[in-house]
Protein chains: 2
Amino acid sequence: MASERTVQPRRRGRPGGLEGADLLSVARDILLREGYAATTMDAIAAAARISKQTLYRSHASKQELFAAVVTDWVERGQNAMRPHLDRLRSTEEVEQALLDLAGILHAAVLSPPVVQMRSLVIAEAERFPEIAAEYVQRSWERNEALLADVFADLAGRGLLATGDAGTAAQQFTWLVLGAPLDRITLTAGASRFSEEQLAAMARDAVATFLARWQPASPVRRRV
Amino acid sequence: MASERTVQPRRRGRPGGLEGADLLSVARDILLREGYAATTMDAIAAAARISKQTLYRSHASKQELFAAVVTDWVERGQNAMRPHLDRLRSTEEVEQALLDLAGILHAAVLSPPVVQMRSLVIAEAERFPEIAAEYVQRSWERNEALLADVFADLAGRGLLATGDAGTAAQQFTWLVLGAPLDRITLTAGASRFSEEQLAAMARDAVATFLARWQPASPVRRRV
DNA sequence: CCTACCGATCGGTAGG
DNA sequence: CCTACCGATCGGTAGG
């Protein structure tokens, strides 16, 4: 099955436009920028340098193309949190590791494409509930479950209070992300928080989280 | 300037359709149900039993009608939180009063119309940033500022720890609302939390909040 | 003459 | 692969 020209990723001789993951990428760019209703299949075909016929051959409808874009998105972000969560899991300094994680969550979740994809899915959640369901399960709920698992491990090592690790993960997530995500979502990035404000919010989030979830053991007692 | 028939609210002899606040109400219903793009001026005019020309005379474009609906909405919800915040302000039992407020926030913010309006504004935030800005300032930020003011009062009475009352209000808001609001927004109300789950989340939110913001005074020390 | 309102239809553009 | 084109429907405005 060896092909003659391994340098060229294109399968056929035609110069051709985009397909597969590249096609989904340009479709995603337009969807995030314009929204679902304002995105036309003509615009996507033109940006991918393919005909609408070719576009409809790989994606039978606008809705199916949207679903493919979201599925591709959640698969790409599937394991993005893994290394950072593993670092938290093996830490000896919980407070600093939580601060690090808060900063990583800010950088990741508050980035324009992530916020825009979230807004896009919210906007179409009523019309396409199964797409929104896949998004919420495979991105948010999955990462929250992974974080809960790490918290359970830390509790087992005596570095966090034992209790409902799922509740702890939920509270940490929204203490860190709630206010800035809400603000950015509702202002289209116009009045973003400054880096100093975000850092202060991360410190306050960790402080409140640890006030509740710090182990009662006297050796690790804080003032 | 006394008119002959004060019983009839209509100004002219024609039977006529809706206008003013009633017109905005039916427009809001359709916008919340269908979304902005799928809402047609024809449908609004038909639901209000007026011609499109009459509709366009009071609202010069679809966008201006949308802005009027949002303005009307934030004005109606302006002081909805007042009595509940005043009850918290004058309480002697902070923990129970916070639990009560959490339940009220759940009932108010997680109700379908409030969630739908929020989703609608988010969906159009990029296209109509000034409408989203008015919404976020006059509903969310305003209520958060009112809550911060109450927290500052409670701190002055020694019932909460002194500190940044704004941070406390932000953390309380998102501890209480973050997880369920996210879930309901992204599932279009399909997989709502049960009353028991919401009550448990409220208790955990208050517990975490008080772990950080409870005064250090020994008389009010908790176990 | 004016205001309020209607039936009909305009130019453009959507998904397919 | 592309151009042309469909049935439908949109926001906004004409004449009367």
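Every chain is numbered from 1, with letters handed out A, B, ... down the list of sequences.
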Looking just at side-chain N and O atoms, do B:Q63 and B:R127 make a donor-acceptor pair shorter than 3.5 Å? no
Provide, to the nearest angstrom, the distance between the CD1 atom belonging to B:I50 and the P atom belonging to C:dT3. 18 Å
From CG of A:L55 over to P of C:dG15, roughly how many Å is that when rounded to an integer? 11 Å
D:dG12 to C:dA8 separation - P atoms, rounded to the nearest Å: 22 Å
Does a side-chain N or O from A:T54 land closer than 4.0 Å to OP1 or OP2 of D:dC1, or not? yes
Which helical stems does DNA chain D take part in, if a stem means at least 3 consecutive Watson-Crick or G-U pairs with both distances below 3.5 Å? none
Spacing of A:R57 atom CZ relative to C:dG15 atom P, expressed in whole Å: 20 Å
Which residues pass the ring pair (Phe, Tyr, Trp, His ring centres under 6.0 Å) test with B:Y56, sequence neighbours left out? none
Hits for ring pair (Phe, Tyr, Trp, His ring centres under 6.0 Å) against A:W73, two or more places apart or cross-chain, chain-then-number order -> none
Should the pair B:F128 and B:Y36 be assigned to parallel (<30°), tilted (30 to 60°) or perpendicular (>60°) ring geometry? perpendicular
Using only heavy-atom distances, determine whether the side chains of A:R33 and A:Q116 contain a donor-acceptor pair under 3.5 Å. no
Test salt bridge (charged side-chain N to carboxylate O under 4.0 Å, His left out) applied to B:D164 - qualifying residues, sequence neighbours left out: none
For atom CD of A:Q53 and atom C1' of D:dA4, their distance in whole Å: 12 Å
Please confirm whether the shortest side-chain N or O distance from B:S51 to OP1 or OP2 of C:dC6 is below 4.0 Å. yes
Between the protein and nucleotides 8-11 of chain D, list every N/O to N/O distance that falls short of 3.5 Å.
residue : atom : partner : partner atom : Å
D:dG11  : OP1  : B:T39   : O            : 2.9
D:dG11  : OP1  : B:K62   : NZ           : 2.5
D:dG11  : OP2  : B:M41   : N            : 3.2

According to salt bridge (charged side-chain N to carboxylate O under 4.0 Å, His left out), who are the partners of B:R82, at least two apart in sequence or on a separate chain? none
How many whole angstroms separate atom CD of A:Q63 from atom C1' of C:dG16? 14 Å
Nearest heavy atoms of B:L198 and B:P180, plus distance in Å: CD2-CB, 3.9 Å
Checking side-chain polar atoms at under 3.5 Å, does A:E34 have a donor or acceptor matched by the opposite partner on A:T39? no
